[in-house]
Amino acid sequence: MKKISELMPEAYDFNGKLPLKQAIPLGLQHVMAMFVGNLTPLLIITGACGIGAGSEYASVQVALLQNAMIIAGIVTLIQLFAIGPIGGKVPIIMGTSSGFIGVFSSVTKIMGGGVLAYGALMGASIIGGLFETVLGAFIKPLRRFFPSVVTGTVVLSIGLSLISVGINSFGGGNSAKDFGSLENLFLAFVVLVVILFFKHWTKGYISSSAILIGIIVGYIVAFIMGLVLPHTAVSADGVEYTKSWVLNWNKVAEAKWIAIPKFMPIKPVFDLRAILPVLVMFVVTAVETVGDISGVMEGGMQREATDKELSGGVMCDGIGSTLAALFGVLPNTSFSQNVGLVAMTKVVNRIALASGAVFLILCGLIPKLGALISIMPQSVLGGAAVMMFSSIIVSGIQLITKESLNARRLSIVSVALGVGYGMGVSPAILSHTPQAVQLIFGESGIVPAAFVAIILNVILPKDE
C-alpha cells in the first residue's frame with residue numbers, strides 16, 4: 001500500500017486517472033495562484049466605467065465578479081476536455097485577461113464611461129472572441145511563423161513581465177499603504193521558505209502540493225500576527241489605515257451562501273470605436289496563448305505543442321471570451337501564472353486541473369468560498385508568485401535553446417527582448433506615436449517582443 005505522501009505517477013500524465021484525494025489539493029493550488037488575478041481586471045474596468053463599489057451599480061459589479069469565477073471554471077473545463085475542435089486538451093487554466101486593461105481603459109475614456117461604455121466593451125468582446133476563434137481554426141498554416149525561437153521569446157517575455165507583478169505582491173501589493181513593510185516581507189518570506197522546504201525536502205504528493213501548503217501556512221501566520229500585532233497604522237499624511245496583511249473575516253461573514261449567475265447583466269452595445277481596437281488585441285491574445293501553450297507543454301510535458309493543441313487552445317480562447325462577454329465578464333484567456341505552476345511542479349493531470357476549475361465554479365455559486373480566498377493577503381500570494389513566475393522564464397529559455405543558438409536565433413531573441421520588450425516596459429518612448437501604436441505596444445512588453453520576433457523570423461535569411 002502506497003504512503004499518503006507518495007504522488008501517483010498518473011499526476012504527471014495528462015490523461016491519467018488520479019484519485020480525487022490527490023487531485024483536489026493539486027487543483028486547489030491552481031485556484032489560489034490565479035484567484036486574485038482573475039478578478040482584478042474586472043475591478044479596474046468597472047471602476048473606470050463608474051459602475052464599481054460605491055456607485056448605484058455596485059450590486060451589478062458583485063454579479064460580474066461572481067460570473068467571472070464561474071466562466072473561468074467553465075472555459076477551463078472546455079480547454080481541458082474539448083468540445084469538438086474547441087479546446088486544446090492541454091494543462092492550461094483559463095481566466096479573465098489583464099492584457100485588455102489598457103485598450104478597455106482607453107475606449108472607456110473615449111466613450112465617456114458609464115454602463116453604455118461597459119456595454120460597448122462587451123459587444124466588442126463578443127465579436128473579437130468570434131474573430132479569434134476563426135483565427136485559431138487557421139493556426140496550422142500560420143504555425144511556420146511560430147518556431148521555438150519565437151514562442152520561446154514570447155514565453156520569456158511573459159515571465160519577465162510577471163516578475164514585477166510577483167515582487168509587488170511580495171511586498172503586500174504596490175497600492176498598499178504599508179507596501180514593503182516588515183510584516184509583509186516576513187509573511188512572504190515564510191511562505192517562500194515553506195514552499196522551498198516542502199518542494200525539496202519531501203517527496204511525491206506532499207512535494208507537488210508545496211504551493212498550497214505554503215499558502216495555507218501563510219493564512220495561519222497572518223491569523224497569528226493579527227492576534228499579537230496592531231491591525232492599523234498611520235500614513236505620512238496622518239490618515240489611519242488597515243494593514244494589507246490583516247485577514248478581513250467580515251467579508252466572509254457578509255458573503256452569501258448561494259448565488260445564481262445572471263445572463264447579460266449589462267446589455268452589449270456594438271460600437272466601432274470599441275470594436276476596432278479590441279479586434280487588434282484579440283490577435284495579440286492569440287499570440288500570447290500560443291506562447292502559453294508552448295510554455296506549458298515544454299515546461300510540464302517536455303515537448304512542443306502540436307498544431308491541433310495550438311488550434312484548439314486559441315479557439316477555446318475565442319469562444320471563451322465570447323461566452324464571458326455574454327455574462328458581462330472581460331475576455332478569458334490562458335493564465336500565465338498557472339503555466340509557471342505547471343512548469344514548477346510538472347503536474348499536468350487533467351483531473352487535478354479540472355478539480356480546480358470545479359472549485360472556481362463553486363466559488364461563483366457559493367460566494368462564501370470565493371470570499372475566503374479573496375481575503376488572502378497579497379504578500380502570501382507573492383511568496384508563491386516569485387517562484388512560479390521565474391519558472392515561466394526558465395520554460396522560455398528551454399524553448400529558445402531547443403536548437404543550437406546560431407547567429408540568426410541570437411539576433412531574433414536579442415532584438416526582440418532589447419527593442420521589443422524594452423519598448424513595452426518603457427512606454428514613454430512611444431509617447432509621440434499614434435494612439436493606436438501606444439495602445440497595442442505600450443501596455444506590455446509581451447506584445448512588441450512577439451511582434452519583433454515574428455518579423456525578424458520572417459525577414460532574416462536562414463543560416464546555411
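We use all heavy atoms of the structure for the numbers below, so side chains are in, but hydrogens, waters and symmetry mates are not.
Residue-environment remark: CZ (F138) stays at or below the threshold of 12 foreign heavy atoms within 6.0 Å. Around the CD1 atom of I83, the shell of radius 6.0 Å holds no more than 12 heavy atoms that belong to other residues, nucleotides or ligands. Counting non-hydrogen atoms of neighbouring residues, nucleotides and ligands closer than 6.0 angstrom, the CZ atom of F451 reaches no more than 12 such neighbours. Within a 6.0 Å radius of NZ in K346, more than 12 heavy atoms belonging to other residues, nucleotides or ligands are found.
Nearest heavy atoms, P261 versus L365: CD-CD2, 3.8 Å. Of all non-hydrogen atoms in A124 and F282, the two that sit nearest each other are O-CE1, 4.4 Å. Closest heavy-atom contact between A449 and Y421: CB-N, 3.9 Å.
From I71, atom CD1 reaches atom CG of L360 across 11.5 Å, with rounding to the nearest 0.5 Å. One finds the CG atom of L323 at 12.0 Å from the OG atom of S125 (value rounded to the nearest 0.5 Å). With values rounded to the nearest 0.5 angstrom, K89 atom NZ is found 8.0 Å from N15 atom CG.
With sequence neighbours excluded, the residues that form a side-chain hydrogen bond (donor to acceptor under 3.5 Å, both in side chains) with N457 are R408. Partners of N332 by side-chain hydrogen bond (donor to acceptor under 3.5 Å, both in side chains), not counting sequence neighbours: none found.
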